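These numbers were taken from a predicted model, which means no experiment stands behind them. All values below come from the heavy atoms of this structure, side chains included, with hydrogens, waters and symmetry mates left out. Just so you know, ligand 1 is whichever comes first in the structure, and atom 1 is the first atom listed for that ligand.
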Amino acid sequence: MNLKHDVRAIARQFHIYGDFQNAAPYGSGHINDTYCVSFEQSGCATRYIFQRINHNIFKNPVALMENIQRVTAHLASKAGENRDFSRRGLTLVATRVGGHYHRDAEGNYWRVYLFIEKAKTYDAVESTQQAFQAAQAFGRFQTLLADLPAPRLHDTIPDFHHTPKRFATFEKAIEEDVANRAKLASPEIEFAQRHKAICSVLLDAKLPERVTHNDTKFNNVMLDDDTGEGICVIDLDTVMPGLAAYDFGDMVRTTTSPAKEDERDLSKVGLQFPMFEALARGYLSTAGEVLTVAEKRLLPFSGKLITFTIGLRFLTDYLAGDTYFKVHREGHNLDRCRTQFKLVESIEQQEEKMNQLVETL
Ligand code: ADP
Ligand code: GN1
Ligand code: MG
């Protein structure tokens with residue numbers, strides 16, 4: 001296969017032994033370039049994950065890698081006696097000069113992780129057990145990082161979940177309409193404008209700052225093939241100071257509806273209450289003790305707001321001519337926006353019931 005990058009040459013920069021076998025693009029992330037790379041070591045196949053960090057989006061890859069190094073080391077220090085601890089946290093492979101990333105001749109930044117075998121990520125949730133497991137894993141992740149020693153982590157993308165700022169960027173994109181697409185998205189633009197009032201609710205609530213993951217979508221947690229356990233939280237680029245509500249909100253967005261993020265048949269999109277219940281129970285089982293009353297009360301709302309915010313970001317990118325998220329078809333970002341907004345409506349219809357449930361947990 002002809003790859004966009006010379007992965008074999010990159011591999012020589014890292015502490016990997018054995019013969020290069022093959023490399024193939026991997027996963028369905030929207031931001032970085034990910035490859036699964038195989039080597040043969042003493043007759044055994046060993047796999048690694050290679051990633052090129054998208055430095056158009058992450059403007060300071062060095063600071064980002066410093067965060068990831070600190071976070072993975074902290075999690076590893078807490079792994080204790082766990083027999084399979086190397087599957088329960090990401091492990092960075094060192095470069096030959098003793099660092100954690102390699103900068104190639106084209107200016108790209110690369111990192112390598114041990115491949116977590118016998119576990120998978122899923123683009124759409126299949127059962128309440130999966131929802132519970134994902135939420136439990138993300139809650140545990142947050143709790144384990146609560147005592148990360150100072151200094152504060154770098155903000156890898158400033159104001160990442162700042163919905164009022166996202167809204168201002170959206171309004172600017174309508175005004176500029178560089179791709180001449182605003183006329184094709186008028187129902188979605190109106191939907192967004194009708195929701196302007198909810199944008200600042202989480203910021204106004206003065207919730208405590210924590211170390212959060214900030215991209216807790218369902219395909220950023222690996223579920224064990226045998227036990228179904230949420231074994232490892234991945235995709236650590238946006239681990240930085242944030243609100244617990246951001247993390248729970250993105251779980252609601254990606255784990256309560258059985259449809260994929262870009263599903264075109266909107267009749268398949270909607271919050272399934274049992275999924276939400278599993279999610280809330282899973283998350284509170286591992287993060288519940290550290291959360292304040294105000295944080296708990298806002299969990300259902302955070303699902304609505306984060307779903308709205310990501311929908312708004314897809315819509316903004318559609319209007320701006322698809323410059324941020326990877327797209328694979330015409331109108332892809334608009335399709336993604338529509339599923340998010342449909343889910344927001346579904347959450348609105350069930351919000352009262354969601355609030356009542358969280359009160360009882
Ligand atoms: P992106 O930021 O582009 O979403 P991710 O870090 O989420 O990139 O990686 C993309 C996909 O690669 C994941 O959904 C997962 O399936 C797979 N992946 C990432 N890291 C590992 C790992 N250490 N072991 C096995 N698979 C992994
Ligand atoms: C991006 O990297 P990935 O695909 O897990 C995005 C998230 C969005 C998500 C929508 C750095 O996540 O914020 O919620 O797409 N990551 C970044 O699927 O912007
Ligand atoms: Mg990902």
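At a 3.5 angstrom cut-off on N or O pairs, His30 counts as close to ligand 2. Annotation: Asn219 places no N or O atom under 3.5 Å from an N or O atom of ligand 2; distance criterion only. Between Arg313 and ligand 2, an N or O atom pair is found at a separation short of 3.5 Å.
When hydrogens are left out, the protein atom nearest atom 9 (C) of ligand 2 is Lys217 NZ, 3.7 Å; that is the closest non-hydrogen contact. Shortest contact from atom 10 (C) of ligand 2 to any protein heavy atom: Glu261 OE2, 3.2 Å. Protein heavy atom at the shortest distance from atom 2 (O) of ligand 2 is Ile31 CG1, 3.3 Å.
Asn56 and Asn54 get closest at one heavy-atom pair: N-OD1, 3.0 Å. Here the closest non-hydrogen pair linking His213 and Asp247 is N-OD2, 2.9 Å.
Just one of Ile10, Asn108, Val97 meets the side-chain contact (heavy atoms from CB on, under 4.5 Å) condition when paired with His102; it is Ile10. Remark: of the listed residues Phe115, Phe39, Phe14, Tyr35, Phe39 is the sole one forming a ring pair (Phe, Tyr, Trp, His ring centres under 6.0 Å) with Tyr48. Between Gln350 and the choices Thr256, Leu271, Asn355, the side-chain contact (heavy atoms from CB on, under 4.5 Å) rule is met once, by Leu271.
Neither the backbone nor the side chain of Arg336 comes within 4.0 Å of ligand 2, counting heavy atoms alone. No part of His161 comes within 4.0 Å of ligand 2, judged by heavy-atom distances. Contacts between Asp235 and ligand 2 below 4.0 angstrom, taking non-hydrogen atoms only, involve the side chain exclusively. Residue Phe314 touches ligand 2 through its side chain alone, judged by heavy-atom distances below 4.0 Å. At a heavy-atom cutoff of 4.0 Å, ligand 2 is contacted by the side chain of Asn220 but not by its backbone.
Under 3.5 Å, the side chains of Asp123 and Ser28 contain a donor-acceptor pair of N or O atoms. Donor-acceptor pairing under 3.5 Å is lacking for the side chains of Thr143 and Thr286.
Residue Gly29 approaches ligand 2 through these ligand atoms, each under 4.0 Å from one of its heavy atoms: 4 (O).
With rounding to the nearest 0.5 Å, the separation of CG in Leu319 from NZ in Lys172 is 13.0 Å. Distance OH/Tyr324 to CD1/Ile31: 4.5 Å, rounded to 0.5 Å. Rounded to the nearest 0.5 angstrom, Asp317 CG and Thr169 OG1 are separated by 11.5 Å.
Of the options Phe58, Tyr324, Phe218, Phe325, the smallest heavy-atom separation from atom 19 (O) of ligand 2 is shown by Tyr324. Across Ile57, Asp215, Ile310, heavy-atom proximity to atom 7 (C) of ligand 2 is greatest for Asp215.
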May I have a table of the N/O to N/O pairs between ligand 1 and the protein that fall below 3.5 Å, each row giving the two atom names and the distance to 0.1 Å?
from: ligand 1; atom 1: 2 (O); to: Asn32; atom 2: ND2; distance (Å): 3.4
from: ligand 1; atom 1: 2 (O); to: Asp235; atom 2: OD1; distance (Å): 3.1
from: ligand 1; atom 1: 2 (O); to: Asp235; atom 2: OD2; distance (Å): 2.9
from: ligand 1; atom 1: 3 (O); to: Asn32; atom 2: N; distance (Å): 3.4
from: ligand 1; atom 1: 4 (O); to: Asp235; atom 2: OD2; distance (Å): 2.9
from: ligand 1; atom 1: 6 (O); to: Gln51; atom 2: NE2; distance (Å): 2.8
from: ligand 1; atom 1: 7 (O); to: Asn220; atom 2: OD1; distance (Å): 3.0
from: ligand 1; atom 1: 7 (O); to: Asp235; atom 2: OD2; distance (Å): 3.0
from: ligand 1; atom 1: 8 (O); to: Gln51; atom 2: NE2; distance (Å): 3.3
from: ligand 1; atom 1: 9 (O); to: Gln51; atom 2: NE2; distance (Å): 3.3
from: ligand 1; atom 1: 14 (O); to: Thr121; atom 2: OG1; distance (Å): 3.4
from: ligand 1; atom 1: 14 (O); to: Asn219; atom 2: O; distance (Å): 3.3
from: ligand 1; atom 1: 16 (O); to: Thr121; atom 2: OG1; distance (Å): 2.8
from: ligand 1; atom 1: 23 (N); to: Leu114; atom 2: O; distance (Å): 3.0
from: ligand 1; atom 1: 24 (N); to: Ile116; atom 2: N; distance (Å): 2.8

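Between Arg338 and Glu188, at least one side-chain nitrogen of the basic residue sits less than 4.0 Å from a carboxylate oxygen of the acidic one, meeting the salt-bridge criterion. Ionic pairing of Arg52 and Asp104 is not present here: no N-O contact between side-chain nitrogen and carboxylate oxygen is shorter than 4.0 angstrom. A salt bridge links Glu171 with Lys196; the closest basic N to acidic carboxylate O contact falls under 4.0 Å. Checked for salt-bridge contact, Arg152 and Glu209 meet the test: a charged N lies under 4.0 Å from a carboxylate O.
Centroid-to-centroid, the aromatic rings of Phe170 and Phe167 come within less than 6.0 Å.
In this pair, Tyr246 and His161 present their aromatic rings tilted. The plane angle is within the 30 to 60° band.
The number of protein N, O or S atoms lying under 2.8 Å from the Mg ion (ligand 3) is 2.
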